[in-house]
Novice: 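A single structure is presented below for examination.
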Amino acid sequence: MAAMSTDSTGTAARDGQPTTGPEDSAFVRACRRQAGPHTPVWFMRQAGRSLPEYREIRANVGMLESCRRPELVTEITLQPVRRHGVDAAILFSDIVVPVAAAGIELDIVPGTGPVVAQPIRDADDVERIRPIGRDDVPYVDEAVTTLVAELGDTPLIGFAGAPFTLASYLVEGGPSRTHARTKALMHGDPPLWHALCARLAEVTLAFLRVQVAAGVSAVQLFDSWAGALSEADYRRYVLPHSTTVLSGLADAGVPRIHFGVGTAELLGAMGEAGADVVGVDWRTPLDVATRRIGPDRAVQGNLDPAVLLAPWPVVEAEVRRVLEEGRAAPGHVFNLGHGVLPETDPDILTRVVALVHELTATGRS
């Protein structure tokens, strides 16, 4: 296995190999279903949560404030690249950042999540969500520009929440286990529902376009709560709006990743929305997922985050299993099946990266 070096700027490179830019990185090549030097690795929620350096820098700084301070966004995004040698960084942000920029009053409450001051109930509420552009999120533009320069050959992934998940937060007023109000609006007033999601799709697309213009190498659209829906409801009420976002980036020249939790029955439809890569949670083996998604898209995933709390021999065996199942896909980006748990030992993540690189280095079986 080639050694990983990290310079003082946070740029990761392989010793003894020429640098060719993020567009030819192992990560971007896997997203495009092209052969690369090894299976690339990054972790959802890698920028924070389990890292002591993250907790230190975030002390006494609220989540929304952290996302609006370019120097904090830059440092937090770089931390896992320095520590773990991952193959891609993901912009430190939150899915409600563009919604707040669009005029919705909300806060991210520790231990709870996003809480909306005035939940969406009618057409007038939808009108409160105004279009956004670069000038509405200058901190994102600045952070991405700085990060691209700092990361060098390591690609940066842009970040946004999908219209359905954003709509759920806005309708429920915060996190929900049942999404009852969301589904009631969806089924009870389809015109209002589609108006809401169409407005959110515009905001999300604009937010991602700011990141692409600033230099991200790929984007990931998180539809965290889409797994609460049947395939029929997903296709009727969600797919058109996710398609607006992802197809709206078809000319951007960067891979598009689409991820949700509990989406085993939705994987094919999520790919149809315009994804180049479909993220798979830990419930569905990657070879099964590939059959559902089809041969025209790569997959990302899907080690159970809880496995990282087990003894190393268990972790190693599970990593090997995921890699073996990932061989069925035309491209595979190794990741967790959801985000890093806060109690995870960061050293285990570093070992997982090294193991994946070692097992999949070109020339190995």
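The first residue of the sequence shown is numbered 1, and numbering continues consecutively from there.
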Novice: First locate atom CG of Asp189, then atom CG of Leu196, and finally report the distance between them rounded to the nearest 0.5 Å.
Specialist: 10.5 Å
Novice: Is a donor on one side and an acceptor on the other found under 3.5 Å between the side chain of Ser50 and the backbone of Gln46?
Specialist: no
Novice: Output the distance between atom CZ (Arg256) and atom CZ (Arg297), rounded to the nearest 0.5 Å.
Specialist: 9.0 Å
Novice: Where the side chain of Asp153 meets the backbone of Gly21, is there a donor-acceptor pair that is under 3.5 Å apart?
Specialist: yes
Novice: Is the closest side-chain heavy-atom distance between Thr344 and Leu309 below 4.5 Å?
Specialist: yes
Novice: Please check if Met63 and Val109 belong to a single hydrophobic cluster, counting links between Ile, Leu, Val, Met, Phe, Trp and Tyr side chain heavy atoms closer than 4.5 Å.
Specialist: no
Novice: Are Trp282 and Leu336 co-members of a hydrophobic cluster defined by side-chain heavy atoms under 4.5 Å apart?
Specialist: no
Novice: Just wondering, more than 12 heavy atoms not from Arg236 lying within 6.0 Å of its CZ?
Specialist: no
Novice: Do Asp223 and Ser242 have side-chain heavy atoms sitting under 4.5 Å apart?
Specialist: yes
Novice: Without swapping roles, check the side chain of Thr77 against the backbone of Phe92 for a donor-acceptor pair under 3.5 Å.
Specialist: yes
Novice: If you define the side chain from C-beta out and look only at heavy atoms, does anything of His357 sit under 4.5 Å from Asp87?
Specialist: yes
Novice: Salt-bridged, Arg128 to Asp122, with N to O below 4.0 Å?
Specialist: no
Novice: For Val28, does its backbone N or O pair with a side-chain atom of Ser25 as donor and acceptor, under 3.5 Å?
Specialist: yes
Novice: Answer yes when Arg83 and Glu53 have at least one side-chain N-carboxylate O distance shorter than 4.0 Å, and no when they do not.
Specialist: yes
Novice: Does Lys183 form a salt bridge (charged side-chain N to carboxylate O under 4.0 Å, His left out) with Asp233? I'd like the steps, not just the answer.
Specialist: CA-CA 10 Å; Lys183 292 182 179 183; Asp233 286 347; over 6 Å; no
Novice: Would Val115 and Val99 show up in the same hydrophobic cluster when neighbours are defined by side-chain heavy atoms closer than 4.5 Å?
Specialist: no
Novice: Quick check: do Val352 and Phe43 have side-chain heavy atoms less than 4.5 Å from each other?
Specialist: yes
Novice: Quick check: closest heavy atoms across Leu166 and Gly161, and the distance to 0.1 Å?
Specialist: CD1-O, 3.6 Å
Novice: For Glu343, does the CD atom have more than 12 heavy-atom neighbours from other residues, nucleotides or ligands under 6.0 Å away?
Specialist: yes
Novice: Minimum heavy-atom separation for Pro305 to Gly337, with atom names?
Specialist: CD-N, 4.2 Å
Novice: Please walk me through it: do Arg235 and Glu272 pass salt bridge (charged side-chain N to carboxylate O under 4.0 Å, His left out)?
Specialist: CA-CA 10 Å; Arg235 288 185 176 278; Glu272 292 171 23; 2.8 Å; yes
Novice: Give a yes or no on whether Val277 and Val288 share a hydrophobic cluster (residues Ile, Leu, Val, Met, Phe, Trp, Tyr; joining criterion: side-chain heavy atoms under 4.5 Å apart).
Specialist: no
Novice: Any side-chain donor paired with an acceptor under 3.5 Å for Ser168 and His179?
Specialist: yes
Novice: Look only at the side chain of Thr165 and the backbone of Ser224, and say whether a donor-acceptor pair between them is shorter than 3.5 Å.
Specialist: yes
Novice: Please give me the minimum heavy-atom distance between Pro114 and Asp94, naming the atom from each residue.
Specialist: CG-OD1, 4.4 Å
Novice: Please examine the side chains of Val171 and Arg121, heavy atoms only from C-beta on, and report whether any two atoms are closer than 4.5 Å.
Specialist: yes
Novice: How long is the span from the OG1 atom in Thr39 to the CG atom in Leu355, to the nearest 0.5 Å?
Specialist: 11.0 Å
Novice: Is there side-chain contact between Leu51 and Ile76, with heavy atoms separated by less than 4.5 Å?
Specialist: no
Novice: Measuring from atom CD of Glu172 to atom CD1 of Ile120, what distance do you get when rounded to the nearest 0.5 angstrom?
Specialist: 12.5 Å
Novice: Starting from the C-alpha separation in whole Å, work towards a yes-or-no answer on salt bridge (charged side-chain N to carboxylate O under 4.0 Å, His left out) for Glu325 and Arg321.
Specialist: CA-CA 6 Å; Glu325 292 168 354; Arg321 178 186 60 79; 2.9 Å; yes
Novice: For Glu65 and Arg68, run salt bridge (charged side-chain N to carboxylate O under 4.0 Å, His left out): C-alpha distance rounded to whole Å, both residues' side-chain angles, the deciding distance at 0.1 Å, then the answer.
Specialist: CA-CA 5 Å; Glu65 177 64 17; Arg68 291 168 173 161; 5.4 Å; no
Novice: Tell me, do Trp225 and Tyr169 make a side-chain contact under 4.5 Å, heavy atoms counted?
Specialist: yes
Novice: What's the separation between atom CG in Leu147 and atom CD1 in Ile157, rounded to the nearest 0.5 Å?
Specialist: 12.0 Å
Novice: Is it the case that one hydrophobic cluster holds both Val314 and Leu341, taking links as side-chain heavy atoms less than 4.5 Å apart, direct or via other members?
Specialist: no
Novice: Report yes if some heavy atom in the side chain of Leu192 is under 4.5 Å from a heavy atom in the side chain of Val126; otherwise report no.
Specialist: yes
Novice: With a cut-off of 6.0 Å (strictly less than), are more than 12 heavy atoms of other residues, nucleotides or ligands near CZ of Arg181?
Specialist: no
Novice: For Glu105, is the CD atom crowded, meaning more than 12 foreign heavy atoms sit under 6.0 Å from it?
Specialist: no
